[in-house]
Protein chains: 2
Amino acid sequence: MYDVSAPDKSKLSQLLSGIPYFRGQGPAVVAALAACAIPRTFEVDAIIFWEDQPATGLFLVEEGTVKISRISKEGREHIMHLISAGDTFNDVAALDGGMNPATATACTAVKVWEIPREDLRRLAEQYPQLAWALVESIARRARHLVGLVQGLALRNVRGRLAHLLLSEAQNLDSDRVPRMLTQEEMAARVGTVREVVGRALRNLANDGIIEFDRHRIVILDPDRLAAAAEV
Amino acid sequence: MYDVSAPDKSKLSQLLSGIPYFRGQGPAVVAALAACAIPRTFEVDAIIFWEDQPATGLFLVEEGTVKISRISKEGREHIMHLISAGDTFNDVAALDGGMNPATATACTAVKVWEIPREDLRRLAEQYPQLAWALVESIARRARHLVGLVQGLALRNVRGRLAHLLLSEAQNLDSDRVPRMLTQEEMAARVGTVREVVGRALRNLANDGIIEFDRHRIVILDPDRLAAAAEV
DNA sequence: CCCATACTATGACTTAAGTCTCATCCTCTC
DNA sequence: GAGAGGATGAGACTTAAGTCATAGTATGGG
């Protein structure tokens with residue numbers, strides 16, 4: 001048992017050191033976190049946790065992609081975040097101790113580490129730099145949420161879609177958004193339905209702002225795309 | 001100078017002790033916070049800070065109401081929070097060190113205390129319980145934002161309005177929402193325009209869920225109002 | 001008491017978004 | 001290379017939301 005988990009834990013230390021907010025924490029903190037982290041794996045489409053259930057801890061993604069979303073009573077899904085390796089999720093519930101505000105689903109096979117809330121709290125009180133790192137981390141998450149709120153309240157579908165395309169393109173440091181994004185997925189991310197996304201895309205293409213290269217979207221005019229995304 | 005500020009500072013300590021997240025911090029922490037807090041006053045409609053400006057610190061309201069909002073390029077305002085005495089604002093920017101994500105305006109004459117980011121950070125690293133209190137505070141703020149996002153993405157105007165009425169009524173522990181809320185204000189809070197709010201209210205009234213008593217809104221059927229607010 | 005002002009009511013109309021439906025087109029497997 | 005299944009394109013239609021215009025109604029100050 002110990003022999004099996006030992007290599008995992010060292011991998012975790014490495015992972016933790018590579019994460020922005022745990023970088024600069026020093027080996028003691030990393031080791032302490034690694035000591036209480038629980039490894040978990042999920043297969044594609046597995047539910048990691050449901051909304052409105054008590055939070056168990058903070059999750060850290062080692063491998064794979066996790067979707068944080070919520071489904072309306074009419075069955076429409078809204079994707080709030082897509083979390084990839086090296087990032088955390090369920091910060092909110094793990095840190096305020098309330099219920100999970102959304103559902104987490106494995107988009108791919110996923111390996112995560114879970115740090116129980118109580119351990120996190122204990123370590124935060126023991127290592128002040130860790131506490132501050134958590135503060136900055138959750139503050140950044142809140143900032144992202146503010147952006148979402150403003151997008152939904154002040155932008156129309158075209159604007160939100162333009163914003164999504166820009167941020168996806170930025171993620172790849174390229175003007176080519178890979179078509180991992182189906183229209184269905186884009187719809188869930190901007191809070192609308194597939195057909196409307198299709199229309200908005202054709203619209204942007206008619207305006208010469210983007211074009212389709214087979215089934216990839218190519219950004220022709222980043223400036224006008226950014227203008228379309230302005231609040 | 002010292003004589004003038006002394007009573008203010010003691011008032012601040014009292015205020016700080018009364019705030020949920022600073023309660024249980026012990027007098028040393030409260031005194032330390034009070035020592036670096038800067039008092040500021042604003043008259044009605046004064047801008048406390050603008051969005052996209054560098055954050056100066058965390059604000060704590062002693063008296064009055066502060067509006068946190070953003071205006072679209074077409075001139076539509078969206079109110080994200082209304083902050084009243086005993087609560088903090090600009091947590092996000094103060095804690096992550098980025099730009100202010102929204103504009104803060106004094107809705108009434110306002111007295112606030114500002115705790116500079118660097119002082120906050122120093123004290124947080126010195127007093128671990130303070131750091132954890134900040135973590136929980138910003139996590140709660142993030143939770144509120146998640147609620148806003150989900151409301152905007154998954155509820156229609158009627159649903160968001162129902163939600164607003166319920167939370168306003170709850171704030172007063174009563175089923176009577178005082179008409180401090182104009183339709184214009186409700187519109188800004190649910191992210192729409194005045195006429196649409198008016199229609200939605202008449203709609204709820206036709207359905208027997210609310211009624212108008214002069215210019216107050218009376219909730220007749222909290223259950224059906226809650227059903228209308230469901231995501 | 002009257003008027004100015006701010007808020008509300010309401011209808012007519014436009015536009016954006018959502019729904020329904022079906023054709024088409026990849027791409028992967030057999 | 002045929003067919004199945006997922007993804008897209010697109011038209012027709014419905015509905016929610018937003019805009020415009022205008023009239024009514026509080027209400028507080030002079």
Side-chain angles (χ1 to χ4, degrees), chain A residues 44-45 71-78 107 151-165 177-207 210-218 228-229 231, chain B residues 44-45 71-79 107-108 151-165 177-207 210-218 228-229 231:
Chain A
V44 190
D45 291 336
I71 299 181
S72 77
K73 56 179 183 295
E74 293 90 17
R76 211 156 95 187
E77 180 182 33
H78 182 232
C107 290
L152 287 164
L154 304 175
R155 279 197 273 253
N156 56 17
V157 170
R158 179 185 162 109
R160 302 205 294 280
L161 190 60
H163 183 77
L164 174 64
L165 293 179
V177 178
R179 190 46 137 208
M180 341 148 71
L181 287 174
T182 70
Q183 295 185 353
E184 196 79 56
E185 217 179 302
M186 292 190 253
R189 291 187 66 182
V190 303
T192 182
V193 295
R194 194 203 45 97
E195 295 92 323
V196 175
V197 165
R199 281 200 290 246
L201 285 175
R202 272 171 267 145
N203 232 297
L204 289 168
N206 281 339
D207 293 353
I210 63 173
E211 73 174 5
F212 304 102
D213 166 21
R214 315 218 10 97
H215 267 178
R216 279 197 152 76
I217 296 170
V218 181
V231 285
Chain B
V44 190
D45 292 334
I71 298 181
S72 77
K73 55 179 184 294
E74 294 91 17
R76 211 156 96 187
E77 179 184 33
H78 181 234
I79 300 175
C107 291
T108 62
L152 287 163
L154 303 175
R155 279 198 273 253
N156 56 16
V157 170
R158 179 187 162 110
R160 302 205 295 278
L161 190 61
H163 183 78
L164 174 64
L165 293 179
V177 178
R179 191 46 134 205
M180 340 148 69
L181 288 175
T182 70
Q183 294 186 353
E184 195 79 57
E185 215 179 304
M186 290 188 256
R189 291 188 64 183
V190 303
T192 183
V193 296
R194 208 212 82 228
E195 294 93 320
V196 175
V197 165
R199 282 200 290 244
L201 285 175
R202 271 172 268 145
N203 231 297
L204 290 168
N206 281 339
D207 293 354
I210 62 173
E211 73 175 4
F212 304 102
D213 167 21
R214 315 219 8 98
H215 267 178
R216 279 197 152 76
I217 295 169
V218 181
V231 284

Sorted by chain and number, sequence neighbours left out, salt bridge (charged side-chain N to carboxylate O under 4.0 Å, His left out) with Glu77(B) holds for Lys67(B)

Applying salt bridge (charged side-chain N to carboxylate O under 4.0 Å, His left out) to Asp45(A) and not counting sequence neighbours gives none

Passes side-chain contact (heavy atoms from CB on, under 4.5 Å), Leu201(A) versus Leu165(A)? Steps please.
CA-CA 10 Å; Leu201(A) 285 175; Leu165(A) 293 179; 4.2 Å; yes

[X] [atom1] - [N] [atom2] separation (whole Å):
X         : N       : atom1 : atom2 : value
Leu201(B) : dT10(C) : CG    : P     : 12 Å
Asn203(B) : dT10(C) : CG    : P     : 12 Å
Ile217(B) : dT8(C)  : CD1   : C1'   : 12 Å
Arg194(B) : dA6(C)  : CZ    : P     : 14 Å
Glu184(A) : dT8(D)  : CD    : P     : 8 Å
Arg202(B) : dA9(C)  : CZ    : C1'   : 5 Å
Glu185(B) : dT8(C)  : CD    : P     : 10 Å
Met186(B) : dC7(C)  : CE    : P     : 12 Å

Between [atom1] on residue [X] and [atom2] on residue [Y], distance to nearest 0.5 Å:
X         : Y         : atom1 : atom2 : answer
His78(B)  : Leu152(A) : NE2   : CG    : 9.0 Å
Asp207(B) : Arg158(B) : CG    : CZ    : 4.5 Å
His215(B) : Leu181(B) : NE2   : CG    : 13.5 Å
Glu195(A) : Glu184(A) : CD    : CD    : 8.0 Å
Leu204(A) : Ile210(A) : CG    : CD1   : 5.0 Å

Collect all protein-nucleotide pairs involving nucleotides 26-28 of chain D in which both atoms are nitrogen or oxygen and the distance is under 3.5 Å.
{"from": "dT27(D)", "atom 1": "OP2", "to": "Arg214(B)", "atom 2": "NH2", "distance (Å)": "2.9"}

In short, the helix from dC1(C)-dG30(D) to dC30(C)-dG1(D) is bent end to end, axes from five pairs each side, to 10°, by 30°

Can you pull every protein N or O that's under 3.5 Å from an N or O on nucleotides 14-20 of chain D?
{"from": "dA17(D)", "atom 1": "OP1", "to": "Val157(B)", "atom 2": "N", "distance (Å)": "3.0"}
{"from": "dG18(D)", "atom 1": "OP1", "to": "Arg76(B)", "atom 2": "NH2", "distance (Å)": "3.1"}
{"from": "dG18(D)", "atom 1": "OP2", "to": "Thr192(B)", "atom 2": "OG1", "distance (Å)": "2.1"}
{"from": "dG18(D)", "atom 1": "N7", "to": "Arg199(B)", "atom 2": "NH2", "distance (Å)": "2.7"}
{"from": "dG18(D)", "atom 1": "O6", "to": "Arg199(B)", "atom 2": "NH1", "distance (Å)": "3.3"}
{"from": "dG18(D)", "atom 1": "O6", "to": "Arg199(B)", "atom 2": "NH2", "distance (Å)": "3.2"}
{"from": "dT19(D)", "atom 1": "O4", "to": "Arg199(B)", "atom 2": "NH1", "distance (Å)": "3.4"}
{"from": "dC20(D)", "atom 1": "N4", "to": "Glu195(B)", "atom 2": "OE2", "distance (Å)": "3.3"}

Looking only at heavy atoms, the pair that brings Val193(B) and Ala187(B) closest together is C-CB, 3.4 Å

Margin query: For Ser72(A) and Glu74(A), which I'm curious about, is there any donor-acceptor pair between the side chains at under 3.5 Å?
Written below: yes

Item to check | dA9(C) phosphate, OP1 or OP2, under 4.0 Å from Gln183(B) side-chain N/O | outcome: yes

Sorted by chain and residue number, the side-chain hydrogen bond (donor to acceptor under 3.5 Å, both in side chains) partners of Arg189(A) (sequence neighbours excluded) come out as Glu168(A)

